[in-house]
Amino acid sequence: MSRRRIGFWYRLAAVICKPPLLVLFKRDWRGMEHIPADSGFITAVNHNSYLDPLSYAHYQYNTGRVPRFLAKAGLFKSGFVGLMMRGTGQIPVYRETTDAATAFRAAVSAIEKGECVAFYPEGTLTRDPDLWPMQGKTGAARVALLTKAPVIPVAQWGAQDAMPPYAKEKKLRLLPRKTLRVQAGPPVDLSAFYGQEPTAEVLRAVTEVIMAAVTEQLALLRGEPAPAEPYDWRKAVARERRAAREAARAGKGAAAAAAGVGPAAAPEPAVGPQQARSTQQAQEDESK
């Protein structure tokens with residue numbers, strides 16, 4: 001999609017969003033030469049702040065190739081945000097319904113029409129303690145194999161300084177003035193997978209290649225080496241629950257010993273609100 005075909009709604013979004021972004025933040029943008037000048041393509045982007053979709057969209061808009069995001073269907077339902085999401089042609093994702101595949105069909109159709117479709121392969125804000133990309137979901141890999149479109153890895157850093165993920169209060173921390181860093185890398189080479197049956201194993205392998213490329217770009221932005229293995233959120237949640245159960249059993253046994261009675265089976269520990277939300281989110285993300 002060329003700059004002259006960006007359209008009214010995207011231009012309106014730019015009129016609203018760009019001035020405060022230009023005033024409030026510094027920018028460090030790299031790798032724009034890797035964004036294709038024409039034809040459809042995919043971007044795979046890391047996610048570490050509620051603010052970084054604006055940072056990435058600003059970067060991408062300035063290349064003349066505006067992205068179509070896959071976003072939660074609830075954002076499209078009402079109000080000004082819903083109006084803008086619909087007007088700019090973003091793609092709704094219906095989680096845990098038979099319509100979930102509709103988003104991928106819409107993504108394929110958009111790419112075939114020569115547009116850019118942006119994926120956050122992690123499916124949510126990273127849960128990695130150091131904000132490195134987690135293991136990705138397979139949606140971007142599936143669309144990449146169907147379309148054979150270029151997959152451009154994009155890394156972001158800096159938005160988390162202004163709006164940290166999972167902070168108790170979602171307030172902007174504007175001073176001192178933060179720098180929003182975005183870097184695009186060369187297309188990911190997926191040619192070895194073309195023609196293969198898109199089995200779960202193949203899709204997982206493609207996803208790992210894509211996420212490794214995104215992580216490599218982020219390591220360049222951060223100027224430090226990335227972890228040897230991506231963070232596995234589901235395993236981390238399982239470890240936390242197992243540790244909580246073991247701690248509860250140990251506490252029950254100690255109490256029983258102090259009271260001079262025999263050991264009794266410990267009840268399942270109560271799950272705190274944050275842990276419950278993490279488990280529910282993990283289940284929702286896995287269903288995508």
Side-chain angles (χ1 to χ4, degrees), residues 1 31 34-47 53 56 60 63 65-73 89-124 126 132-156 183-218 226 229-234 282 284-288:
M1 178 182 289
H34 296 302
I35 301 298
D38 51 34
S39 73
F41 66 101
I42 296 165
T43 55
V45 192
N46 71 307
H47 192 17
Y56 162 68
Q60 188 77 24
T63 70
R65 303 299 310 277
V66 296
R68 292 184 63 182
F69 290 91
L70 277 77
K72 296 177 183 178
Q90 309 312 313
I91 300 172
V93 177
Y94 300 88
R95 291 178 172 176
E96 296 184 338
T97 73
T98 55
D99 292 329
T102 302
F104 298 114
R105 289 195 293 270
V108 170
S109 176
I111 291 168
E112 290 175 345
K113 292 177 182 177
E115 299 183 61
C116 165
V117 175
F119 280 85
Y120 283 98
E122 297 163 276
T124 186
T126 182
W132 291 98
M134 302 186 296
Q135 287 191 341
K137 309 302 177 186
T138 60
R142 189 181 299 275
V143 174
L145 292 184
L146 281 171
T147 62
K148 296 183 175 61
V151 178
I152 309 300
V154 179
Q156 306 188 85
Q183 174 164 318
V188 182
D189 184 5
L190 300 177
S191 59
F193 300 99
Y194 294 158
Q196 294 189 33
E197 185 72 19
T199 62
E201 291 76 15
V202 169
L203 291 173
R204 174 52 54 195
V206 173
T207 301
E208 289 174 357
V209 172
I210 292 172
M211 293 308 300
V214 174
T215 302
E216 179 183 2
Q217 296 304 313
L218 183 56
E229 297 291 336
Y231 185 72
D232 190 324
W233 181 26
R234 288 173 298 165
E284 290 179 354
D285 289 341
E286 181 60 23
S287 70
K288 291 177 64 177

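Side chains are part of it too, since the values below use all heavy atoms of this structure and drop only hydrogens, waters and symmetry mates.
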Trainee: Between Ala184 and His34, which heavy-atom pair has the shortest distance, and what is it?
Mentor: O-CD2, 3.2 Å
Trainee: Looking at every non-hydrogen atom in both residues, tell me the closest pair between Gly40 and Pro150 and how far apart they are.
Mentor: O-CD, 3.5 Å
Trainee: Taking Glu122 for its side chain and Met134 for its backbone only, find out whether a donor-acceptor pair lies under 3.5 Å.
Mentor: yes
Trainee: What heavy-atom pair brings Phe119 and Ala107 nearest, and what distance separates the two atoms?
Mentor: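 So the two residues come closest at CZ-CB, 4.4 Å.
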Trainee: Has Gln156 got a side-chain atom pairing as donor or acceptor with His47's backbone, closer than 3.5 angstrom?
Mentor: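 Side chain of Gln156 to backbone of His47: no pair is present.
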Trainee: Rounded to the nearest 0.5 Å, what separates atom NZ in Lys137 from atom CE in Met211?
Mentor: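 Rounded to the nearest 0.5 Å, the NZ-CE separation comes to 10.5 Å.
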Trainee: Looking only at heavy atoms, what is the nearest atom pair of Gly136 and Arg204, with distance?
Mentor: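 Of all heavy-atom pairs spanning Gly136 and Arg204, the closest is O-NH1, 2.8 Å.
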Trainee: Show the nearest heavy-atom pair for residues Arg65 and Ala37, with the distance to one decimal.
Mentor: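 Taking Arg65 first and Ala37 second, the nearest heavy atoms are NH1-C, 3.4 Å.
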Trainee: Thr138 side chain to Ala141 main-chain N or O, any donor-acceptor pair under 3.5 Å?
Mentor: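 No, the answer is negative, given that no donor and acceptor are paired below the 3.5 Å cut-off.
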Trainee: Partners of Val188 by side-chain contact (heavy atoms from CB on, under 4.5 Å), sequence neighbours excluded?
Mentor: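 Val188 satisfies side-chain contact (heavy atoms from CB on, under 4.5 Å) with Val151, Pro153, Leu190, Val209, Ala213 only.
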Trainee: Using the test side-chain contact (heavy atoms from CB on, under 4.5 Å), find all partners of Pro67 that sit at least two apart in sequence or belong to another chain.
Mentor: Tyr10, Tyr56, Gln60, Phe69, Cys116, Ala118
Trainee: What residues, two or more places apart in sequence or in another chain, satisfy salt bridge (Lys or Arg N to Asp or Glu O under 4.0 Å) together with Arg142?
Mentor: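 Not a single residue meets the salt bridge (Lys or Arg N to Asp or Glu O under 4.0 Å) criterion with Arg142.
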Trainee: When you measure from the side chain of Thr126 to the backbone N and O of Trp132, does any donor-acceptor pair fall under 3.5 Å?
Mentor: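 Such a contact is found between Thr126 side chain and Trp132 backbone.
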Trainee: Going from CD1 on Ile210 to CD1 on Ile152, what distance comes out if it is rounded to the nearest 0.5 angstrom?
Mentor: 11.0 Å
Trainee: Report the distance from atom CG of Leu145 to atom CD of Glu197, rounding to the nearest 0.5 Å.
Mentor: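 The CG atom of Leu145 sits 10.5 Å away from the CD atom of Glu197.
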Trainee: Could you state the interatomic distance from CD (Gln183) to CG (Asn46), rounded to the nearest 0.5 Å?
Mentor: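 These two atoms lie 11.0 Å from each other.
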Trainee: Once you round to the nearest 0.5 Å, how far does CG of Leu203 lie from CD of Gln196?
Mentor: 10.0 Å
Trainee: Please report the closest heavy-atom contact between Phe41 and Ala149, naming both atoms and the distance.
Mentor: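 Scanning both residues, the minimum pair turns out to be CA-CB, 4.1 Å.
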Trainee: To the nearest 0.5 Å, what is the distance between CD1 (Ile111) and CG (Leu146)?
Mentor: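 Here the interatomic distance stands at 9.0 Å.
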Trainee: Any side-chain heavy atom of Thr215 within less than 4.5 Å of one from Pro230?
Mentor: no
Trainee: So, does Arg68 use its side chain to make a donor-acceptor pair with the main chain of Ile91 at under 3.5 Å?
Mentor: no
